[in-house]
Every structure is written in C-alpha cells, then in structure tokens.
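Residue numbers begin at 1 in each chain, while the letters A, B, ... track the order of the sequences.
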Protein chains: 2
Amino acid sequence: MTTYQLQGLTALADPTRRAIFELVADRPRPVGELAKELPVSRPAVSQHLKVLKEVGLVTDRAQGNRRVYAANPDGLAELRAYLDHFWDQALASFRDIVEQTPEDQP
Amino acid sequence: MTTYQLQGLTALADPTRRAIFELVADRPRPVGELAKELPVSRPAVSQHLKVLKEVGLVTDRAQGNRRVYAANPDGLAELRAYLDHFWDQALASFRDIVEQTPEDQP
DNA sequence: GCTTACGGTAAGTGACTACTTACCAATTAC
DNA sequence: GTAATTGGTAAGTAGTCACTTACCGTAAGC
C-alpha cells in the first residue's frame, strides 16, 4: 500500500484535469463539449483525457462521429481506499499528540 | 465545491511528499528521522513539510531541540469529502453509460 | 562560556509538464 | 464521390517544481 503508485492522485492534482473530471462526473460528454467549457484548447483536453483514461479515472466510447467520456467509479474507489486507510492512522497518531501535551516532557 | 482549491490533492501528488505523509501518519516523527528513511536530503524534507503544513495535512510542535510532525485528520477529511462527492456523481453517470449500450443510437 | 545537534531558509539548477499550433485519420452530410 | 465535423497525435516552448549545497538561528550538553 505504501509503495502504491497512486497515479490517480497525480492525475487529479492538475486543476484543468480536475475540472475535466468534474465535468464528466456530472454527466458524460464528448471532447468538444468539454473544450467549450474550459479555457484551454481542444488538443489540451484530449491530452488530459488520455492521462485520466490511463489511470482509470474515465472511460470512453465511440458514439458516431464523437467520443464520449465518462467518469469511472473504479478509479475513484482506489483513491477513496487510499485515503480511508490513512484516515485511521492519522486519527490514531493525532490522538497520541493530543493526549501527550507539550508540558509532558521533563 | 467545484471551484475548490483542493491543494491537498496537489500536495499528495508528489511521491516524496506522499511518502512523508505516510510516515507521519504511521506515527509522529521529527524531521531528521524522516530524512533518514527517505532518499532525499533533509532540506528537501523540510520544504515538503512546509507544503504539507500549509495545506493542513500535517501539524508540528516543538519538542526540545526537535520539531515533531504529525498527520492532521482535518486535511484528510477535506480530501475524503471531495472524493465522496464525486463518487456519487460518477456512479450515477456510469450507470447511465451502462444502461445505454453502444448499439442504441440509430 | 564553547561545541554539537537539529532544522528552517536562500539561491541555483535540471527535469518535468501543461499548453500551443500544425497536421492527419475517421465519420457524417450533401 | 466531395466537403465538413470531430478528435487524436507530433513537435516545440515556457513555466513550474523538486532537488541540491551553503548558510544561519536555536536548543541541549559539556
């Protein structure tokens, strides 16, 4: 778990890529529609979608002339599992901190 | 929610920073101990800790000569909330995709 | 007092990456 | 058939960022 790649986190770190993911999570959309709602060019959107697809955060399917992208719950599940794991650890170590006040040491 | 900064995601995107966070989530540690377990220099660790602290993922407290860093559950909670929100949306839109098979269009 | 340990900061550098324009392939419409 | 729409890819570039070494402040030990 520690040596995990967690490429999904890296993918969602970019604001534009996160915006794209949020748009397709709202509802599946073709590339052109995504580019219209974003301040970047259409090739940029294509490149971002390629990254999101590689890490399993989106899926695509041909629909006539267009290619419709949708959010993939599987990719999100991996990130949720990662955060949930450290949630428990963080809570435990944080509790240790609180119980051990700074005046404790001699 | 969409215009959120989500700096925590950006912070955890870097592998070294993620490793640091995982170490302090396991148990609170001083800077030197973190540097010993990582393939980067101590100043690099300090810089990463500064970022993690700014986005609220870790807290620090002076302990004698050392400075002990611990994971902060509040920062993690924000990320969890973000992913959970899009989890529902992704599930819904993904269900639409599945129900509407590619052979549907005329 | 002086020395040692610990850690934050400054400055500089190399690598990565998000973006652009240009080009090409494939499907639809006529 | 040709023209138009859609979108993926190539090549090049500018900005960001993770890292290093060097330096300085502060607390503990003698």
request  = To the nearest Å, give me how far apart CZ (B:Phe21) and P (D:dA18) are.
outcome  = 17 Å

task = Report yes if at least one side-chain N or O of B:Tyr69 is closer than 4.0 Å to OP1 or OP2 of C:dC6; otherwise report no.
result = no

query = Nearest-Å distance, CZ (B:Arg67) to P (C:dG8)?
reply = 7 Å

remark   = Those residues at least two apart in sequence (or on a different chain) that pass side-chain contact (heavy atoms from CB on, under 4.5 Å) with B:Thr16 are B:Asp14, B:Ile20, B:Val40, B:His48

Protein-nucleotide distance (A:Glu33, atom CD; D:dG7, atom C1'), rounded to Å = 14 Å

key: A:Lys53: partners by side-chain hydrogen bond (donor to acceptor under 3.5 Å, both in side chains), with sequence neighbours left out   = A:Asp60

task = Check A:Leu49, A:Val51, A:Leu12, A:Val45 against A:Arg17 for a side-chain contact (heavy atoms from CB on, under 4.5 Å) and give me the one that passes.
result = A:Val51

key: Within residues 27-38 of chain B or reaching into it, pairs that qualify as salt bridge (Lys or Arg N to Asp or Glu O under 4.0 Å) - sequence neighbours excluded   = B:Asp26-B:Arg29, B:Arg27-B:Glu33, B:Arg29-B:Glu33, B:Arg29-B:Glu37

ask   = Over how many whole Å does the gap from B:Arg61 atom CZ to C:dG7 atom C1' extend?
value = 16 Å

inquiry  = Using the side-chain hydrogen bond (donor to acceptor under 3.5 Å, both in side chains) criterion, which residues pair with A:Asn65? Sequence neighbours excluded.
reply    = none

query = Roughly how many Å is it from CD1 in B:Ile20 to C1' in D:dA18, rounded to a whole number?
reply = 11 Å

inquiry  = I need the NZ-P distance between B:Lys50 and C:dA10, as an integer number of Å.
reply    = 7 Å

note = Contacts of A:Ala25 meeting side-chain contact (heavy atoms from CB on, under 4.5 Å) (sequence neighbours excluded), chain-then-number -> A:Ala71, B:Phe86, B:Gln89

query = Given atom CD of B:Gln63 and atom P of C:dG7, what is their separation to the nearest angstrom?
reply = 10 Å

task = Could you encode protein contacts along nucleotides 16-26 of chain C as a string, one character per nucleotide from 5' to 3', using B for base contact, S for sugar-phosphate-only contact and - for no contact, with a heavy-atom cut-off of under 4.0 Å?
result = --SBBBB----

request  = Using atom CG of B:Leu49 as one end and atom C1' of C:dT9 as the other, report the distance to the nearest whole Å.
outcome  = 14 Å

